[in-house]
Amino acid sequence: MRISRRAFLLSAAAAAACSRIEKGSALQRAAQYLWTQQAEDGGFHSTTYGLLRSGQSLTPFVLGALLAVPEAASPARPVAVDRALEFIKKNTTADGALGLMDPTVPDYPNYATALAVTAIVKSGRTGGDRVIAAMAAQLRAQQFGEDNGWKREDAPYGAWGMGGPIHRPPEAGHVDLSMTRYVLEALRAAGVPASDPAIARALVYLQRSQNSDGGFYFSTVNPEINKAGEANGQFASYGTATADGLLAFRAAGVSDQDVRSAKAIQWLKDHHQPDRAPGFEGTAREAWGSGLRFYYAYAISRAMPGLPVTLPPQDANGSFRNPNKMVKEDDPLIATAFAVHVLR
């Protein structure tokens with residue numbers, strides 16, 4: 001039976017509308033779930049992982065996701081937003097660091113502080129300039145650069161680590177590309193121009209983390225955290241690191257037409273998987289592909305929004321979770337916040 005062009009187009013339009021409704025409904029339920037998890041103190045606290053129980057890093061992470069939800073999908077909750085922002089301010093040290101209120105258990109201070117800057121800016125609230133300025137200064141002070149004794153030829157030069165006490169040569173501690181990307185985005189959100197020396201230093205680290213195939217790996221300092229391992233005498237490229245690398249280049253003011261970004265874009269196009277992080281297929285490390293599923297879905301949706309992404313089924317309460325626990329995505333606060341960025 002022949003189907004007229006008009007009937008086909010009407011059918012296609014109806015299917016597309018249905019898809020938008022379903023997607024919007026999933027986003028609405030995910031956002032509603034996250035708001036129900038806000039504690040009386042205004043923060044978002046993990047009940048899955050003790051390290052994240054303080055809420056110092058989770059609160060700006062979840063708040064940032066919720067602030068990205070369109071009004072049509074989830075009505076604004078200004079009182080709840082203000083409570084979360086107040087929680088962040090109360091847990092920020094005098095010199096602008098978030099994540100250090102318990103000196104015995106740091107809660108990813110550079111990550112938390114960077115996310116807080118981005119969330120405060122995104123909230124559009126007035127009166128946050130002093131907090132943002134202090135946080136930006138704290139992040140600047142944490143960079144592996146000359147002020148802390150590091151030279152251009154040193155492996156961590158230009159990057160950021162976990163935060164807390166300043167690391168000086170020869171001990172760098174933990175250094176990674178993801179942390180560096182989040183800090184770069186925070187500094188730019190705080191008004192730091194691409195011409196700033198801190199951005200120029202960061203580009204040294206980004207270029208050092210990019211392979212000749214255009215892809216990226218996680219750390220030039222800590223071999224054990226490069227999740228795809230080694231191949232042909234170098235650390236192998238993989239999806240989450242490459243998406244982070246591309247986003248970091250953009251935050252540093254590097255255009256997509258620049259050969260460095262263009263090679264990263266091509267790597268992502270060539271290796272993309274809609275339901276897992278690529279770069280682990282056929283290796284003993286294959287489980288990392290599913291373990292990083294939500295992080296990759298979020299990062300690739302930002303880096304390459306035209307590529308298809310699928311998420312696992314949403315729970316009845318609106319949350320998402322990853323049965324693979326390798327990077328804490330079994331915590332519904334983490335998985336659902338990532339999912340919100342994908343669904344919006």
Between the side chains of Q56 and D107, is a donor N or O closer than 3.5 angstrom to an acceptor N or O? no
Between Y295 and D244, does any side-chain donor sit less than 3.5 Å from a side-chain acceptor? yes
Is the distance between the ring centroids of [Y] and [X] under 6.0 Å?
| X | Y | value |
| --- | --- | --- |
| F338 | Y296 | no |
| F216 | F249 | yes |
| Y108 | H174 | no |

Determine whether [X] and [Y] make a side-chain contact, defined as any pair of heavy atoms from C-beta on separated by less than 4.5 Å.
| X | Y | value |
| --- | --- | --- |
| Q32 | W35 | no |
| T336 | V62 | no |
| R321 | T48 | no |
| I334 | L58 | yes |
| R125 | P78 | yes |
| H272 | M304 | no |

Query raised in the report: Checking salt bridge (charged side-chain N to carboxylate O under 4.0 Å, His left out) for the pair R140/D196: CA distance, chi angles, key distance, verdict?
Result: CA-CA 11 Å; R140 281 178 174 279; D196 192 272; 2.8 Å; yes
| task | List the steps and the verdict of side chain to side chain donor-acceptor pair (under 3.5 Å) for R201 and Q143. | result | CA-CA 9 Å; R201 285 191 291 270; Q143 189 178 29; 3.0 Å; yes
same_hphob_cluster([X], [Y]) at 4.5 Å side-chain heavy-atom cutoff:
| X | Y | value |
| --- | --- | --- |
| L115 | L98 | yes |
| I166 | W160 | no |
| L100 | V183 | no |
| F235 | L268 | no |
| L247 | V340 | no |

For D147, is the CG atom crowded, meaning more than 12 foreign heavy atoms sit under 6.0 Å from it?
no
Rounded to the nearest 0.5 Å, the CH2 atom of W288 sits from the OG1 atom of T283 at a distance of 11.5 Å
### Task
Measure the acute angle between the ring planes of W150 and F144, then classify it against the limits of 30° and 60° as parallel, tilted or perpendicular.
perpendicular
| request: Just say parallel, tilted or perpendicular for the rings of W267 and H271, cut-offs at 30° and 60°. | output: parallel
So, is the end of the K227 side chain (NZ or CZ) under 6.0 Å from the ring centre of F218 and within 45° of the ring's axis? yes
(message) Has N148 got a side-chain atom pairing as donor or acceptor with A141's backbone, closer than 3.5 angstrom?
(response) yes
Nearest heavy-atom approach of G42 to T59 is O-CG2, 4.3 Å
